[in-house]
2 protein chains.
Amino acid sequence: MEALKKSKIKIPFEESLTKKKVFDEDCILHRSFSLIADKWTLLIIMSLLQGTKRNSEIQRQVQGITPKMLAQTLKTLLKYGMVERKVFPEVPPRVEYTLTEFGRSLSEPLSLLFDWSLDWEDKLNKIYSKKKRRKL
Amino acid sequence: MEALKKSKIKIPFEESLTKKKVFDEDCILHRSFSLIADKWTLLIIMSLLQGTKRNSEIQRQVQGITPKMLAQTLKTLLKYGMVERKVFPEVPPRVEYTLTEFGRSLSEPLSLLFDWSLDWEDKLNKIYSKKKRRKL
DNA sequence: TACAATACTTACTTTTGGGTAGTAATTCAC
DNA sequence: GTGAATTACTACCCAAAAGTAAGTATTGTA
């Protein structure tokens with residue numbers, strides 16, 4: 001009920017998806033999900049959608065991420081052409097990361113995921129506290 | 001360029017995201033991504049967006065997934081109220097999985113990810129073949 | 001009696017993810 | 001001149017996740 005406000009928007013998605021018989025290794029969904037379906041990856045892209053950022057800025061913003069995971073994820077994103085890396089020969093070192101067009105193109109899908117998260121905030125929080133309780 | 005066709009749609013996302021200073025553990029993005037930012041999870045939800053399916057049907061469609069991962073992922077989705085499980089007392093056994101409203105609510109975000117994948121199909125395929133070559 | 005079908009389990013191995021600590025190259029405080 | 005601070009990483013190691021392969025239960029059929 002809380003998530004039905006946007007149901008007016010009609011998209012040909014249901015139709016095109018219905019035709020899809022298999023999601024195999026050669027399937028484009030398989031490939032895109034292998035690339036971006038990862039918590040840190042998505043959070044970093046989210047962060048960079050706000051604009052160019054330094055390593056330390058991302059580190060501060062995406063809380064819980066370790067320097068290693070940040071470096072690792074950025075390296076992957078760099079390799080796949082989602083971010084650009086600019087090094088300034090200063091001391092202490094300064095490195096800036098910027099989304100490429102490819103990276104920025106995730107803005108829309110991610111915006112809907114953002115909205116979805118807000119729509120289901122209560123539910124997600126309940127799930128989270130359940131998870132947390134289990135761990136204690 | 002290939003992905004700019006939808007840039008007319010204006011959303012308040014950029015605005016609301018800009019205000020976001022940190023993505024901490026209590027952040028709703030952190031929580032939703034922890035839950036759904038996973039390749040098998042997304043592929044299974046995609047599959048079930050086509051309609052109610054049996055275990056074996058999902059197994060056949062989502063190629064590459066093992067019975068173990070399928071059972072595990074479905075169990076998690078069940079626990080978090082994204083799918084419903086219906087058992088028919090037959091031999092051989094029959095179990096049907098259906099998305100709940102919560103699960104179906106991912107239809108829109110996922111549709112955009114689907115579109116995004118198609119928009120960047122060439123790029124994603126190139127990335128994938130690079131990955132594959134590295135493994136051989 | 002053996003087999004087929006379905007939906008899982010379970011035990012084991014490999015791969016990946018993630019944390020801790022450390023490095024290099026300055027600048028600044030004392 | 002010694003030591004701390006800053007920044008962006010790397011090397012090492014362990015634990016967790018994912019893959020592999022085999023097994024379980026049920027019962028009608030050949």
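Naming convention: chains lettered A, B, ... in sequence-line order (proteins, then strands); numbering from 1 in each chain.
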**Asked** Can a salt bridge be assigned to the pair B:Arg94 and B:Glu96 using a cut-off of 4.0 Å between side-chain N and carboxylate O?
**Response** yes
Checklist entry - Side chains of B:Gln61 and B:Ser47: do they bring a donor and an acceptor to under 3.5 Å? => result yes
Does the side chain of A:Arg60 get closer than 4.0 angstrom to OP1 or OP2 of D:dT6 through an N or O atom?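 Negative; the distance criterion is not met.
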- Message: Taking A:Thr98's backbone N and O only, do any of them form a donor-acceptor pair with A:Thr52's side chain (distance below 3.5 Å, no angle check)?
- Response: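 Not at all, since once roles are kept as given, no pair shorter than 3.5 Å links the two residues.
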task: Provide, to the nearest angstrom, the distance between the CD1 atom belonging to B:Ile65 and the P atom belonging to D:dG19.
output: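 Roughly 8 Å, once rounded to whole Å.
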In whole angstroms, the gap separating P of D:dG19 from CH2 of B:Trp40 amounts to 6 Å
Rounded to whole Å, the CD-C1' distance (B:Gln72 to D:dA18) equals 8 Å
Would you say B:Trp116 and A:Ser105 are linked by a side-chain donor-acceptor pair, where the criterion is simply a distance under 3.5 Å? yes
* Asked: Base, sugar-phosphate, or nothing for B:Asp38, non-hydrogen atoms under 4.0 angstrom?
  ->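 Sugar-phosphate contact only - B:Asp38 comes under 4.0 Å of backbone atoms but never of a base.
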Rounded to whole Å, the CD-C1' distance (B:Glu90 to C:dA4) equals 16 Å
In whole angstroms, the gap separating P of C:dT6 from CZ of B:Arg94 amounts to 11 Å
When rounded to whole Å, the CG to C1' distance for the pair B:Leu74 and C:dT9 reads 15 Å
Is B:Glu57 reaching over with its side chain to a backbone N or O of B:Arg54, donor-acceptor style, under 3.5 angstrom? yes
A:Lys86 NZ to D:dC9 P, in whole Å, measures 15 Å
Cut-off 3.5 Å, side chains only: do A:Tyr97 and A:Arg85 have a donor facing an acceptor?
yes
Note to self: At 4.0 Å (heavy atoms only), tell me whether B:Met69 reaches a base, stays on the sugar-phosphate, or touches nothing.
What the structure shows: sugar-phosphate
Taking A:Leu113's backbone N and O only, do any of them form a donor-acceptor pair with A:Ser117's side chain (distance below 3.5 Å, no angle check)?
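Indeed, once roles are kept as given, a pair shorter than 3.5 Å links the two residues.
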task = Identify whether any heavy atom of A:Ser56 sits under 4.0 Å from a base atom; if not, whether one sits that close to sugar-phosphate; answer base, sugar-phosphate or nothing.
result =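 It contacts sugar-phosphate atoms only.
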Would you classify B:Phe88 as touching base, sugar-phosphate or nothing, given that sugar-phosphate means primed atoms plus P, OP1 and OP2, and contacts are heavy atoms under 4.0 Å?
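The residue B:Phe88 makes no contact with any strand.
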To the nearest angstrom, the CD-C1' distance between A:Glu96 and D:dA8 comes to 13 Å
Under 4.0 Å between a side-chain N/O of A:Thr66 and OP1 or OP2 of C:dG19, yes or no?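 It does, given that an N or O in the side chain of A:Thr66 lies less than 4.0 Å from OP1 or OP2 of C:dG19.
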Can you check nucleotides 21-30 of chain C for protein contacts, nitrogen or oxygen pairs under 3.5 Å, and list what you find?
none

Would you say A:Arg54 reaches D:dA8's phosphate, i.e. side-chain N/O to OP1/OP2 under 4.0 Å?
yes
Nearest to the side chain of B:Val95, heavy atoms from C-beta on, is which of C:dC8, D:dT7, D:dC9?
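Selected nucleotide (nearest to the side chain): C:dC8.
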